[in-house]
Peer 1: 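I'd like to ask some things about the structure below.
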Amino acid sequence: MKKQKLLSLLLAILLTAPFLSACSGNEDGTLNFSSFSADTLDGGTFTQEDIAAKDVTAINFWGTFCGPCIGEMPDLAAFEKALPDNVQLITICLDAQGNEDTAKALLAQAGFEGVTLISGDNKFNNICRPVTAVPITVFVDSKGKQVGDKILGAQPDLSKQYLKAINEALAKDGKAEISLEK
């Protein structure tokens, strides 16, 4: 049994290595979600049109192998449920392809009901390639351009940091700030 777990861990590392390897994104080091197509964990498709439908999209990168990723998922679930219609939070599970049942179980346990991307076209893979650590969250405007800094996960008051980043992105675009309070 230990051999099987070790083999599963090694396989997860090998499968995610291409996603976690360092390479340049945009010249300024930001990610750009302006043109891509990705498969969702629930069997759907997610594209730049889904990004364009919102003023700001928070994108959390995580892996089923990552304890801090799993640990922050309940907070992400609560944050996602509290967002107004003009803002969304999605996740990208870097090792979910071929590991869908584990990803689904972890998300269900955390109460996350939002969109999770698991694979995609070459443009999507190129977007994910510069991600060198998880959990990490980026924020993109309706054009798919990253705005603000990335936020490394597993920190106290993560939702407060997310809210600040979202409101800064909205203000930069001349939009009204949001509040999570009803």
Side-chain angles (χ1 to χ4, degrees), residues 4-6 8-17 19-20 31 33 36 38-47 50-51 53-120 124-125 127-128 130-140 146 148-167 169 178-182:
Q4 187 178 15
K5 285 184 180 183
L6 180 58
S8 294
L9 177 61
L10 288 173
L11 182 60
I13 291 169
L14 288 173
L15 289 174
T16 59
F19 293 110
L20 300 176
L31 301 180
F33 283 81
F36 72 98
D39 301 321
T40 63
L41 189 58
D42 65 2
T45 301
F46 192 92
T47 69
D50 296 295
I51 299 275
K54 304 294 181 179
D55 291 330
V56 177
T57 300
I59 304 169
N60 175 264
F61 292 86
W62 69 286
T64 62
F65 58 88
C66 170
C69 298
I70 296 163
E72 76 177 12
M73 197 57 68
D75 292 336
L76 292 178
F79 186 81
E80 188 269 335
K81 289 174 185 169
L83 289 172
D85 289 339
N86 66 320
V87 178
Q88 67 184 335
L89 181 141
I90 66 168
T91 71
I92 297 176
C93 185
L94 296 175
D95 68 333
Q97 191 173 15
N99 201 14
E100 291 90 348
D101 290 342
T102 300
K104 285 178 183 178
L106 291 169
L107 291 167
Q109 183 179 8
F112 186 82
E113 298 171 357
V115 173
T116 295
L117 310 182
I118 61 169
S119 64
F124 176 75
N125 292 337
I127 292 166
C128 294
V131 177
T132 58
V134 291
I136 196 159
T137 301
V138 298
F139 303 87
V140 298
Q146 183 181 329
D149 295 328
K150 298 171 183 145
I151 295 179
L152 191 59
Q155 297 182 26
D157 294 327
L158 200 55
S159 65
K160 185 177 179 181
Q161 291 180 42
Y162 282 9
L163 185 60
K164 180 180 180 216
I166 288 168
N167 281 329
I178 64 167
S179 170
L180 299 181
E181 297 174 17
K182 305 275 179 190

Peer 1: Does the side chain to side chain contact (heavy atoms under 4.5 Å, CB included) test come out yes or no for I51 and I59, once each step is laid out?
Peer 2: CA-CA 10 Å; I51 299 275; I59 304 169; 4.2 Å; yes
Peer 1: Would you compute the distance between atom NZ of K54 and atom CD1 of I90 and round it to the nearest 0.5 angstrom?
Peer 2: 11.5 Å
Peer 1: Please give me the minimum heavy-atom distance between A110 and M73, naming the atom from each residue.
Peer 2: CB-CG, 3.4 Å
Peer 1: Please report the shortest heavy-atom distance between P135 and P68, naming the atom on each side.
Peer 2: CD-CB, 4.0 Å
Peer 1: Determine, stepwise, if the pair F33 / D50 fulfils side chain to side chain contact (heavy atoms under 4.5 Å, CB included).
Peer 2: CA-CA 10 Å; F33 283 81; D50 296 295; over 6 Å; no
Peer 1: Under the ring-ring contact (aromatic ring centres under 6.0 Å, His included) rule, collect the residues that match up with F79, sequence neighbours excluded.
Peer 2: Y162
Peer 1: Under 3.5 Å, side chain of Q109 to main-chain N/O of L107, donor-acceptor pair present?
Peer 2: no
Peer 1: If you measure from SG on C128 to CG on L31, what distance do you get to the nearest 0.5 Å?
Peer 2: 8.5 Å
Peer 1: Indicate the atoms forming the closest heavy-atom contact of I70 with P74, along with that distance.
Peer 2: O-CD, 3.5 Å
Peer 1: Set out, in order, the CA-CA distance, both residues' side-chain angles and the distance that settles side chain to side chain contact (heavy atoms under 4.5 Å, CB included) for E72 and L158, then state yes or no.
Peer 2: CA-CA 9 Å; E72 76 177 12; L158 200 55; 3.1 Å; yes
Peer 1: Has D101 got more than 12 heavy atoms of other residues, nucleotides or ligands less than 6.0 Å from its CG?
Peer 2: no
Peer 1: Short question: side chain of N86, backbone of V56 - any donor-acceptor pair under 3.5 Å?
Peer 2: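 Answer holds: no.
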Peer 1: Can you see whether D39 engages S119 through a side-chain donor-acceptor pair at a distance of less than 3.5 angstrom?
Peer 2: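 Yes.
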Peer 1: Is there a side-chain contact between L76 and W62, using heavy atoms and a 4.5 Å cut-off?
Peer 2: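 Sidechains of W62 and L76: no contact.
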Peer 1: Taking side chain as C-beta onward, heavy atoms only, is C93 less than 4.5 Å from L41?
Peer 2: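 C93 does not reach L41 side chain to side chain.
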Peer 1: I need the D75 CG to F112 CZ distance, nearest 0.5 Å.
Peer 2: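 Result: 12.5 Å between the selected atoms.
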Peer 1: Do you know the tightest heavy-atom contact between P84 and I178?
Peer 2: CG-CG2, 3.6 Å
Peer 1: If you take all heavy atoms of I127 and P130, which pair is closest and at what distance?
Peer 2: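 Looks like O-CD, 3.1 Å.
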Peer 1: Quick check for you: to the nearest 0.5 Å, what is the distance between T132 atom OG1 and F61 atom CZ?
Peer 2: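 Reported value, rounded in 0.5 Å steps: 10.5 Å.
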Peer 1: Do you know which two heavy atoms are closest between A58 and T137, and how far apart they sit?
Peer 2: CB-CG2, 4.2 Å
Peer 1: Measuring from E100:CD to D95:CG, what's the distance to the nearest 0.5 Å?
Peer 2: 10.0 Å
Peer 1: Would you compute the distance between atom CD1 of I151 and atom NZ of K164 and round it to the nearest 0.5 angstrom?
Peer 2: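 Going from the CD1 atom of I151 to the NZ atom of K164 covers 8.5 Å.
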Peer 1: May I have the step-by-step check of side chain to side chain contact (heavy atoms under 4.5 Å, CB included) for T57 and Q88, ending in yes or no?
Peer 2: CA-CA 5 Å; T57 300; Q88 67 184 335; 2.9 Å; yes
